[in-house]
Protein chains: 2
Amino acid sequence: MDNRQNPEEKILEAARLVFHQKGFNGARMQEIADLAGMNKALLHYYFRNKESLFEKVFNETFAQMASKMSEIFLSEMTLMSKIQIFINFYLNFISRHSFVVQFIINALHDKPEQLREIILKQNLVPELMLEQIRKQLREEMGLDIDPLHIYVNILGLTVFPVVAKPLIQSLFRITDERMDVFFEQRKKIVPTFIENALKGYEKDKSLL
Amino acid sequence: MDNRQNPEEKILEAARLVFHQKGFNGARMQEIADLAGMNKALLHYYFRNKESLFEKVFNETFAQMASKMSEIFLSEMTLMSKIQIFINFYLNFISRHSFVVQFIINALHDKPEQLREIILKQNLVPELMLEQIRKQLREEMGLDIDPLHIYVNILGLTVFPVVAKPLIQSLFRITDERMDVFFEQRKKIVPTFIENALKGYEKDKSLL
DNA sequence: TATATCTTTGACTGTTTGATTAAACTTATT
DNA sequence: AATAAGTTTAATCAAACAGTCAAAGATATA
């Protein structure tokens, strides 16, 4: 592990790796210490205990993901370009940080109230993002649809295959190499899938 | 807990509840014993250890989910009806068994090789399901698309919102009641979304 | 250089937890 | 009724683990 960083940074980097892969229950303070190349007691010196170290990591990770999403969807582009960019970004991002989203989902699943407070402290306003999507759906495609459903659809089509990768591989006996191809294909397939779906609403506007 | 069942059944039922919610690492043998209303040593008497009890539960759960999916997608209906039925079934099912899919995904994530063997022993043939989808895409909609992408899209649109429910609620500050409405809406929205997307391909067949 | 403060370590503690065991209890078999 | 086999329990064990502490080491301050 890199020696140029200060201890706090080294601990956080190690903690990130371990917590992301194993979650709170699966992670061991000893393993984090080993990975950071220092004594276990130092973790408690810099971060009071396991919980607060975990919270730090969660905070960081969540903020990073959420702000990246906001950044993309609040930028100045057509909605379809944003979708294209988001999928490309995300599918590239996870090849380096495979477990981030699953980590967030599981953490939030284990202690929803506790982490919800932490999230509220960061002054993110994801509602703005929804309003922006609503506006663009109307102005660019003439659609009056609940933007939350569209946003969740985008996330589902992008994120789910990554999270469920081992499930898909087990079910259909797919090799790692074929999975790489599969994800590469999705960078094209998902945006057209969404575009087709949205254009379909234009003719028959009787829905939501 | 119901007294009419035999001990094995009682243990399995309790183990299911606890493992589904907390995963392997989060689960405690004592908690399972308490929930089953019996001494902890009995769990070891009937199931050698925690691992094999977990495997039993995983096996059961996975088989149940996989066979239900196969059943729907191998039945005699139009593809669009199957999609409609699947979404309805799944969104109703999880209101009673909230954590099944996330449980499977996490388990497969923690020990992929080990569980893949277990899965292979069940003689499921999900590839048949894919072939069936491919056939129906061609015959009913004149489309020559990789059925795996379509299947993953269906799963993503259906399963992701359920798995990510706490994430969505935290991000957009949505109450439990509004979430119920949201899921109820998706029973209609998702099938039309998919239908629109597929119909879009019919005109412009230059894609995959 | 002497002293105070900050950093790091190894040894240790108390608790939790999965697993074992020997004895008690129950049920079936003769 | 006597015996054997199967079932259940309380007590206990050993390992894993988060967290503590006193002392050693390093660094800054005077």
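Side chains included, hydrogens not; waters and symmetry mates left out as well; all remaining heavy atoms used. What you see is a predicted model; the values in this text were computed from it and never measured. Letters A, B, ... are given to chains in the order of the sequence lines, protein chains preceding strands, and every chain is numbered from 1.
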Can you see whether A:Y46 has A:K56 sitting over its ring - NZ or CZ less than 6.0 Å from the centre and within 45° of the normal? no
Annotated protein contacts, base or backbone, on nucleotides 12-17 of chain D with a non-hydrogen cut-off under 4.0 Å, one of B, S, - each: -----S
So for atom NZ, which belongs to B:K22, do other residues, nucleotides or ligands contribute more than 12 heavy atoms lying within a distance under 6.0 Å? no
Value in whole Å for how far the [atom2] atom of [N] lies from [atom1] of [X]:
X	N	atom1	atom2	value
B:Y45	D:dA5	OH	P	13 Å
A:N39	D:dA22	CG	C1'	13 Å
B:H44	D:dT9	NE2	C1'	15 Å
B:Q30	D:dT9	CD	C1'	12 Å
B:Y46	D:dG6	OH	P	12 Å
A:L42	D:dC21	CG	P	16 Å

When you list every nucleotide of DNA chain C with an atom under 4.0 Å from a heavy atom of chain B, which one comes first 5' to 3', and which comes last? C:dT17 to C:dT21
Short question: side chain of A:K50, backbone of A:R28 - any donor-acceptor pair under 3.5 Å? no
Examine distances only and state if a side-chain atom of B:K40 and a backbone atom of B:M29 form a donor-acceptor pair shorter than 3.5 Å. no
When you check the side-chain N and O atoms of B:S81 and B:T78, is any donor under 3.5 Å from an acceptor? yes
With a 3.5 Å cut-off and no angle check, do the side chains of B:K187 and B:Q84 form a donor-acceptor pair? no
Using the side-chain hydrogen bond (donor to acceptor under 3.5 Å, both in side chains) definition, which of the options A:Q21, A:E60, A:H97 pairs with A:R16? A:E60
